[in-house]
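Remarks on the structure that follows.
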Amino acid sequence: MYTDSKVSDFLQKIKPEQSVGFLNSWNKSRNKRQRIYISYDSTNKNCQAGDIDLVEYGKAKADEGLPIFNYSVAYDAANREPLFYEMYPGSINDVSQLTCMIDKAHGYGYRNLGFILDRGYFSRKNLSYMEQNGYNFLIMVKGMKEFISDIILENHGKFENSRAKYNDRYDVYGTTIKQYLYEGDQKKRNIHIYYSDGRAYGEKQEIKQKI
């Protein structure tokens, strides 16, 4: 049985160069010719320990007034295998972390990549940096952002009740718009908009209860 104490003892004995060596060997053995879709996400942890260099005050998900450190994992979504992990100081936000991760993926030799990203990584700089490195991406965007809300309002009522736009697997209606995403954008993007009538009903009921 791998108890907490046994795992802790093992981690205490690992030297930084051993971790780096393992990650280098692990990623070297991946098949670089096939398209790999990396699902990338990070979180932060509150920490009371005083001997961790990365601990800093930052924007904690569960703010307990403690310094934090950020921890992220890059995951091969198709093969369901972790590729590499990173730790960042607590003051570095998600948007800034992505460029570091892209550099690391490029350093490991990954060229035929697609990124699946949460909305916390969305920025013009990140989109531009992924394109500079020849990487495709699928990224969630906050619907309340002005340029996205404008697109949603323009298409409101055009697809929500169309059977041809219904996705039975996920029980949502969807449509795809191809246009520039923001002022100064160099290419048109595929912008996917989804609508759930079940979720809409639930939100209406919640508003009624609040009223």
Side-chain angles (χ1 to χ4, degrees), residues 30-31 33-44 59 61 72-83 93-99 101-102 105 110-211:
R30 301 303 94 190
N31 183 0
R33 289 174 295 180
Q34 71 173 12
R35 168 63 62 86
I36 295 177
Y37 288 94
I38 289 184
S39 178
Y40 181 79
D41 200 5
S42 65
T43 188
N44 52 54
K59 189 175 182 181
K61 289 182 172 68
S72 61
V73 176
Y75 189 84
D76 183 342
N79 297 313
R80 301 183 179 181
E81 291 180 334
L83 297 178
N93 59 27
D94 291 355
V95 173
S96 300
Q97 291 171 22
L98 185 65
T99 54
M101 188 277 292
I102 292 172
Y110 294 107
R111 299 294 184 270
N112 194 16
L113 281 183
F115 289 111
I116 303 171
L117 302 168
D118 194 11
R119 58 189 182 183
Y121 302 101
F122 184 87
S123 74
R124 296 185 186 187
K125 180 182 177 182
N126 282 346
L127 300 187
S128 176
Y129 200 65
M130 283 187 283
E131 289 183 334
Q132 287 176 24
N133 286 276
Y135 298 148
N136 294 319
F137 58 87
L138 178 65
I139 187 167
M140 184 186 292
V141 182
K142 293 181 181 180
M144 295 304 293
K145 281 189 174 290
E146 185 177 351
F147 60 91
I148 289 296
S149 63
D150 289 344
I151 295 172
I152 292 173
L153 291 174
E154 287 172 9
N155 291 276
H156 177 60
K158 296 180 180 179
F159 71 95
E160 294 95 322
N161 296 309
S162 171
R163 189 66 191 175
K165 300 290 186 179
Y166 179 67
N167 186 313
D168 184 63
R169 181 178 179 183
Y170 297 103
D171 191 24
V172 295
Y173 295 87
T175 188
T176 299
I177 313 300
K178 196 176 185 70
Q179 67 179 62
Y180 295 109
L181 189 56
Y182 51 83
E183 185 177 352
D185 201 358
Q186 300 297 313
K187 60 186 289 188
K188 289 186 176 181
R189 318 274 181 180
N190 289 317
I191 302 167
H192 310 290
I193 306 173
Y194 297 99
Y195 172 79
S196 167
D197 49 7
R199 181 172 174 178
Y201 175 79
E203 290 181 355
K204 286 179 182 177
Q205 293 300 108
E206 187 178 339
I207 292 172
K208 288 180 181 178
Q209 291 297 322
K210 288 181 178 180
I211 293 173

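Because the structure is predicted, anything quoted here is derived from the model rather than measured. These numbers come from the heavy atoms of this one structure, side chains and all, not from hydrogens, waters or symmetry mates.
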Go through the structure and list residues passing ring-ring contact (aromatic ring centres under 6.0 Å, His included) with Tyr75, not counting sequence neighbours.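 Partners of Tyr75 by the ring-ring contact (aromatic ring centres under 6.0 Å, His included) criterion come out as none, since no residue qualifies.
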
With a cut-off of 3.5 Å and sequence neighbours excluded, list every side-chain donor-acceptor pair involving residues 190-201.
residue, atom, partner, partner atom, Å
His192, ND1, Thr176, OG1, 2.9
Ser196, OG, Arg199, N, 3.0
Arg199, NE, Glu203, OE2, 3.2

Just by modelled atom types, is the Tyr180 backbone N or O under 3.5 Å from a matching donor or acceptor in the Asp185 side chain?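 Absent.
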
Between Asn161 and Gly157, is there a donor-acceptor pair closer than 3.5 Å when you use the side chain of the first and the backbone of the second?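 No, because the side chain of Asn161 does not come within donor-acceptor range (under 3.5 Å) of the backbone of Gly157.
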
From [X] [atom1] over to [Y] [atom2], what is the distance, rounded to the nearest 0.5 angstrom?
| X | Y | atom1 | atom2 | value |
| --- | --- | --- | --- | --- |
| Asn155 | Ile177 | CG | CD1 | 3.5 Å |
| Tyr110 | Ile38 | OH | CD1 | 6.5 Å |
| Asn112 | Asn136 | CG | CG | 8.5 Å |
| Ile139 | Phe122 | CD1 | CZ | 6.5 Å |
| Lys125 | Leu127 | NZ | CG | 12.5 Å |
| Asp76 | Ser39 | CG | OG | 10.0 Å |

Taking C-beta and beyond as the side chain, do Ile102 and Met130 meet within less than 4.5 Å on heavy atoms?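 A side-chain contact under 4.5 Å exists here.
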
Below 4.5 Å, heavy atoms only, C-beta onward: do Lys187 and Glu131 meet side chain to side chain?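 Yes. Closest side-chain heavy atoms under 4.5 Å.
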
Tell me, which pairs form a ring pair (Phe, Tyr, Trp, His ring centres under 6.0 Å) where one or both residues lie in residues 150-173, sequence neighbours left out?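 Qualifying pairs, neighbours excluded: Tyr166-Tyr173.
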
Are there over 12 heavy-atom neighbours, none belonging to [X], within less than 6.0 Å of that residue's [atom1]?
| X | atom1 | result |
| --- | --- | --- |
| Gln186 | CD | no |
| Asp118 | CG | yes |
| Arg35 | CZ | yes |
| Gln205 | CD | yes |

Nearest non-hydrogen partners of Asn31 and Ile36, listed with the distance: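 So the two residues come closest at O-CD1, 3.8 Å.
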
Over all atoms of both residues, closest heavy-atom pair of Leu98 and Tyr40: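 Looks like CD1-CD2, 4.1 Å.
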
Hey, can you tell me if Tyr135 and Phe115 have their rings parallel, tilted or perpendicular (30° and 60° cut-offs)?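 Perpendicular, since the angle between the ring planes exceeds 60°.
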
According to salt bridge (Lys or Arg N to Asp or Glu O under 4.0 Å), who are the partners of Arg30, at least two apart in sequence or on a separate chain?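 Glu81.
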
Using the salt bridge (Lys or Arg N to Asp or Glu O under 4.0 Å) criterion, which residues pair with Lys210? Sequence neighbours excluded.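 Partners of Lys210 by the salt bridge (Lys or Arg N to Asp or Glu O under 4.0 Å) criterion, ordered by chain and then number, come out as Glu206.
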
Mind jotting down which residue pairs meet the salt bridge (charged side-chain N to carboxylate O under 4.0 Å, His left out) criterion with at least one end in residues 152-179? Sequence neighbours excluded, please.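 For residues 152-179, and leaving out neighbouring residues, there are no salt bridge (charged side-chain N to carboxylate O under 4.0 Å, His left out) pairs at all.
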
